[in-house]
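First listed ligand is number 1; within each ligand, the first listed atom is number 1. Just so you know, these numbers come straight off a predicted model, no measurement behind them. Heads up: numbering here begins at 1 and tracks the sequence.
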Amino acid sequence: MNFQILGTGSYAPEHIVTNDDLSKMVDTSDEWIAERTGIRQRHISVNETTHDMAYQAAMRALDDTGVKPEELDMILCATISSDLASPNVAIMVQKMIGATCPAMDISAACSGFVYTLDVAAGYFARGKAKKMLVLGAERLSKMLDWEDRATCVIFADGAGAVVLGEGESYLSSKLTAKGDDDVIKIPYYVGLSPFFTIPGEKPCINMKGREVFKFAVNAMYNDVQEVLEQSGLTQKDVSYVIPHQANLRIIDAVARRMDIAPEKFYHNIERFGNTSSASIPIALDELNKAGKLKAGDYIVLSAFGGGLTTGACVVRWTK
Ligand code: UT7
């Protein structure tokens with residue numbers, strides 16, 4: 001026994017920041033950002049916390065299914081940007097929606113949502129859950145150096161959610177980790193301990209973009225092939241690949257190498273930027289709400305990010 005996806009939800013802050021807006025803040029241009037990343041605009045939080053966004057996404061996912069908060073057996077949230085170290089985002093959502101189940105966050109950067117689905121599958125396999133809420137929620141705008149044009153044009157805020165019920169739709173998965181704090185690093189607040197004397201670094205996203213790019217294309221290509229093989233499927237069976245929305249050129253490069261039609265690689269990075277662990281559930285929700293998914297469709301999710309981590313899985317749509 002594992003799970004099926006009963007419904008989806010997502011939320012992005014109302015405030016939109018365009019490439020032109022950013023070109024007034026740093027030395028960049030709409031042309032550079034659109035050409036190099038595909039991004040045209042992103043949603044940035046104004047006074048909304050990560051758990052505020054996660055709550056909105058959770059409510060929309062519950063509405064999509066008719067599942068009541070009290071029916072949930074567990075809430076998991078993939079995030080690296082909780083506004084509170086404790087309570088975590090998942091517990092804040094538990095409180096806000098009026099659920100009573102256990103809740104916890106999982107940290108695996110941009111691969112977080114795929115990692116978290118894999119953890120969720122374990123609860124179903126052990127018969128510990130009949131209904132779960134799984135979220136990806138990020139307020140990356142608080143972790144950006146808004147004077148660093150290499151990162152502030154890329155990352156953004158948002159949240160996505162799925163409600164899971166018992167089923168057999170999680171067909172295969174692959175998670176990887178390759179310890180590396182050189183290519184992507186986000187230092188944390190150093191704290192106030194008088195005993196810790198190592199000077200703090202800026203608590204902002206620090207990234208060697210080109211290296212991530214190369215890593216990402218190879219990893220996604222290999223991961224997608226491997227999870228399809230594990231499921232006994234071929235590239236021709238795929239209805240949609242939902243890649244982590246990090247760069248349209250990464251998505252295009254992977255699509256070019258595969259025998260899957262480019263239009264099956266869903267992207268919305270143009271409108272949302274890179275929302276880390278929220279990017280895949282936001283994209284899944286868009287596909288679902290647009291009525292583009294039908295029962296029996298095979299959907300491949302594939303992510304990569306800080307860690308360095310990667311995660312991919314195949315899910316059969318049943319709604
Ligand atoms: O979520 C997972 C984590 N992140 C990623 O997946 C990111 C993966 N990498 C990327 O998406 C791309 O590498 C970036 C979009 C980050 C950068 O694109 P690039 O084509 O690899 O550019 P680059 O870093 O090699 O920089 C090229 C030039 C540099 O100038 P010089 O040295 O050639 O004079 C940069 O200083 O572009 C310059 N540059 C910019 N120019 C205008 C860097 N950022 C900007 C900017 N506007 N915002």
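- Classification of D285 and K289 as a salt-bridged pair holds, one side-chain N sitting under 4.0 Å from a carboxylate O.
- Residues lining ligand 1 at a heavy-atom distance below 4.0 Å are given as D27, T28, W32, R36, T37, C110, R149, A150, V153, I154, I184, M207, G209, R210, V212, F213, H244, A246, N247, R249, I250, N274, F304, ordered by chain and residue number.
- Note on K294 versus D297: salt bridge recorded, some NZ/NE/NH1/NH2 to OD/OE distance being below 4.0 Å.
- Here the closest heavy-atom approach between residue H244 and residue F304 is recorded as CD2-O, 3.4 Å.
- Here the options are T50, D83, D157, T49, the test is side chain to side chain donor-acceptor pair (under 3.5 Å), and the partner is R139; only D83 passes.
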* I would like to know whether K128 and D73 meet salt bridge (charged side-chain N to carboxylate O under 4.0 Å, His left out); could you show each step before the answer? => CA-CA 8 Å; K128 297 277 284 180; D73 299 306; over 6 Å; no
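- Remark: D30 engages R40 in a salt bridge (Lys or Arg N to Asp or Glu O under 4.0 Å) (not counting sequence neighbours).
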